[in-house]
Number of protein chains: 2
Amino acid sequence: MLNYSSSEENYLKAIYHLQAETGKVTTNALADELNTRPASITDMMKKLSSKGLLNYKPYYGFSLSAEGRKAALIIIRRHRLWEFFLAEKLGFGWDEVHFVAEELEHVSSKKLIDKLDEYLGFPQFDPHGDPIPNSKGKINTTVLVPLAELPINQPAKVVRVANKSTQMLELLGDKKIAIGSVIQVQKRFDFDGSLELRLKPSLTEIISEQLAKNIFVQL
Amino acid sequence: MLNYSSSEENYLKAIYHLQAETGKVTTNALADELNTRPASITDMMKKLSSKGLLNYKPYYGFSLSAEGRKAALIIIRRHRLWEFFLAEKLGFGWDEVHFVAEELEHVSSKKLIDKLDEYLGFPQFDPHGDPIPNSKGKINTTVLVPLAELPINQPAKVVRVANKSTQMLELLGDKKIAIGSVIQVQKRFDFDGSLELRLKPSLTEIISEQLAKNIFVQL
DNA sequence: ATTAATTTTTAGGTTTGTCTAAACATTTAA
DNA sequence: TTAAATGTTTAGACAAACCTAAAAATTAAT
Ligand SMILES: [Mn+2]
Ligand SMILES: [Mn+2]
Ligand SMILES: [Mn+2]
Ligand SMILES: [Mn+2]
């Protein structure tokens with residue numbers, strides 16, 4: 001049914017992400033995201049809008065059409081399922097999966113992805129805690145709360161980490177925090193925003209506000 | 001270390017296969033194999049030989065250099081490991097794996113392939129019975145005998161099927177022959193070359209010469 | 001040994017996706 | 001409210017990987 005080039009797919013995905021994160025998408029922001037030049041963005045915007053994937057008026061910006069959003073979600077589904085596979089089955093580290101999935105996501109067999117999904121047990125979140133759209137493109141829109149804003153003594157599950165660097169992975173390992181951990185905030189120090197967490201009845205850890213802003217939990 | 005485009009990889013692989021099957025490679029044969037025009041072959045031959053992957057003299061034909069052979073084996077390794085994965089883990093049919101692997105083989109992470117190999121238990125043959133090169137590019141060169149030439153009463157294991165069509169799969173299913181089956185030829189009818197096979201002490205099947213020529217066994 | 005047929009290469013185009021430099025629009029600042 | 005800065009689009013090129021049609025080389029047939 002659908003068949004887009006790897007380039008088109010990367011553009012659709014990037015537009016979707018920028019739209020979700022910042023509300024609107026600009027030519028420069030997209031060029032920055034995709035490591036291309038603004039002129040290339042304009043070229044591709046014309047192409048995608050002529051294919052009905054984008055609403056585009058010169059100088060007025062652009063946004064995904066219903067069809068474009070649908071296509072983007074298919075690619076995001078592929079990407080996150082592959083990330084899950086790499087981490088869960090092949091033992092890749094958290095911080096290594098993204099780069100490889102960036103290539104695997106362009107393999108376009110629908111059967112492949114649906115079988116993979118089944119084989120993996122229909123996972124709900126990728127290794128970074130981001131939700132995986134189902135085969136109909138529906139995405140779990142559970143509202144995630146940054147740990148920095150979690151009310152005191154409210155238990156919650158860690159499901160997503162915004163920053164995906166090696167340094168972050170290292171720090172989380174040290175603090176014994178992982179995707180799936182159930183956590184509650186025991187105390188918030190207003191001076192620097194640092195938090196005292198309770199991980200298990202007998203295990204507490206102190207984390208910085210900066211770290212807390214990058215950890216997302218589900219109530 | 002190495003990084004070739006998908007096109008270059010497909011050419012290298014096709015040259016390797018034609019070289020192995022027919023001894024030499026011609027412009028037309030290659031164009032035929034790759035569904036392109038002879039002119040496109042000449043273009044790519046210049047490119048690949050300028051990269052040192054090919055020995056090429058205009059009008060005199062071409063053959064893979066040592067480096068080209070090495071690159072081809074890496075791609076064949078990827079292809080066959082993915083085929084094995086699709087058949088073994090995701091439940092794809094024999095006849096469905098090739099098409100998808102044709103795309104997956106171009107994902108270039110060495111770590112991905114080596115981890116996949118390990119995850120799959122270092123398989124020796126793909127679902128068609130073709131040998132899988134190891135991570136150093138060494139390929140199992142076990143000589144395979146077409147079932148049509150197997151001596152009477154010599155037990156042997158089915159390891160490869162040359163024709164990969166759905167029709168073939170259907171016929172083999174009907175005759176209860178699969179990769180891994182241990183077989184011996186009980187009688188050869190010289191009139192039409194058909195064979196009476198013994199599959200288990202109490203199970204015999206008659207197969208045509210045409211089928212027997214497409215089934216390869218290991219002694 | 002010419003001529004004819006086949007194979008291979010060259011010449012010149014096309015499409016996709018990129019780029020730089022210049023022009024044009026919009027936004028911000030003086 | 002004009003000028004400067006910023007953001008976006010156009011114009012024109014380029015490389016990769018294809019193509020068709022014509023030319024050149026090789027091989028096969030008279
Ligand atoms: Mn990608
Ligand atoms: Mn992810
Ligand atoms: Mn391929
Ligand atoms: Mn195979």
Side-chain angles (χ1 to χ4, degrees), chain A residues 2-15 18-19 21-64 68 71-72 75 102-103 105-108, chain B residues 2-15 18-19 21-64 68 71-72 75 102-103 105-108:
Chain A
L2 311 182
N3 223 18
Y4 305 113
S5 71
S6 292
S7 279
E8 291 172 321
E9 293 188 344
N10 285 335
Y11 276 85
L12 288 171
K13 196 162 56 102
I15 295 167
L18 284 179
Q19 206 164 284
E21 281 162 32
T22 70
K24 71 174 178 179
V25 199
T26 65
T27 301
N28 278 351
L30 197 49
D32 202 66
E33 179 79 12
L34 290 165
N35 292 301
T36 57
R37 296 319 190 128
S40 306
I41 302 300
T42 303
D43 287 347
M44 187 59 94
M45 293 311 98
K46 287 182 194 162
K47 191 179 169 195
L48 293 179
S49 70
S50 87
K51 288 190 179 186
L53 298 166
L54 213 58
N55 305 112
Y56 169 63
K57 276 279 166 69
Y59 291 104
Y60 274 72
F62 40 84
S63 64
L64 291 174
I75 301 150
E102 205 54 50
E103 278 191 70
E105 70 187 358
H106 303 296
V107 176
S108 61
Chain B
L2 310 183
N3 224 17
Y4 304 113
S5 71
S6 292
S7 279
E8 291 172 321
E9 292 188 346
N10 286 334
Y11 276 85
L12 288 171
K13 197 161 56 101
I15 295 167
L18 284 180
Q19 207 163 284
E21 281 160 33
T22 70
K24 71 174 177 178
V25 198
T26 66
T27 301
N28 278 352
L30 196 48
D32 203 66
E33 179 79 12
L34 290 165
N35 292 302
T36 57
R37 298 316 191 129
S40 305
I41 301 300
T42 303
D43 286 348
M44 188 60 96
M45 292 311 99
K46 286 181 194 164
K47 191 180 169 195
L48 293 179
S49 70
S50 87
K51 289 191 179 189
L53 298 165
L54 215 56
N55 305 113
Y56 169 63
K57 278 279 166 72
Y59 292 105
Y60 274 70
F62 41 83
S63 64
L64 291 174
I75 302 150
E102 204 53 52
E103 279 191 69
E105 70 188 356
H106 303 295
V107 176
S108 61

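Letters A, B, ... are given to chains in the order of the sequence lines, protein chains preceding strands, and every chain is numbered from 1. What you see is a predicted model; the values in this text were computed from it and never measured.
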I need the single residue from B:L53, B:N3, B:L48 that forms a side-chain contact (heavy atoms from CB on, under 4.5 Å) with B:E8. Which is it? B:L48
Rounded to whole angstroms, how far apart are CZ on B:R37 and P on C:dT6? 16 Å
Residues of residues 56-64 of chain B with any non-hydrogen atom less than 4.0 angstrom from an atom of DNA chain C: list those, numerically ordered, please. B:Y56, B:P58, B:Y59
Short of 4.0 Å, heavy atom to strand atom, which residues of residues 5-12 of chain B count as contacting DNA chain D? B:S5, B:S7, B:Y11
If you take any heavy atom closer than 4.0 Å to DNA chain D, which residues from residues 21-32 of chain A end up in contact? A:T26, A:T27, A:N28
How long is the line joining CE of B:M44 and P of D:dA16, in whole Å? 10 Å
Rounded interatomic separation in angstrom, taking CG from B:D43 and C1' from C:dG12: 12 Å
Can you check the A:I41 CD1 to D:dT9 C1' distance for me, whole Å? 13 Å
C:dT10 phosphate, OP1 or OP2: any side-chain N/O from B:K46 under 4.0 angstrom? yes
In the structure I gave you, are the side-chain heavy atoms of A:S6 and A:Y11 within less than 4.5 Å of one another anywhere? no
To the nearest 0.5 Å, atom CZ of A:F62 lies from atom CE of A:M45 at 5.0 Å
Walk me through it: do B:K13 and B:E33 pass the test salt bridge (Lys or Arg N to Asp or Glu O under 4.0 Å)? CA-CA 11 Å; B:K13 197 161 56 101; B:E33 179 79 12; over 6 Å; no
Interatomic distance, NZ@B:K24 vs CG@B:L18, rounded to 0.5 Å, equals 12.0 Å
Taking the nucleotide of DNA chain C with the closest heavy atom to each, which residue, A:T36 or B:T42, is nearer the 5' end? B:T42
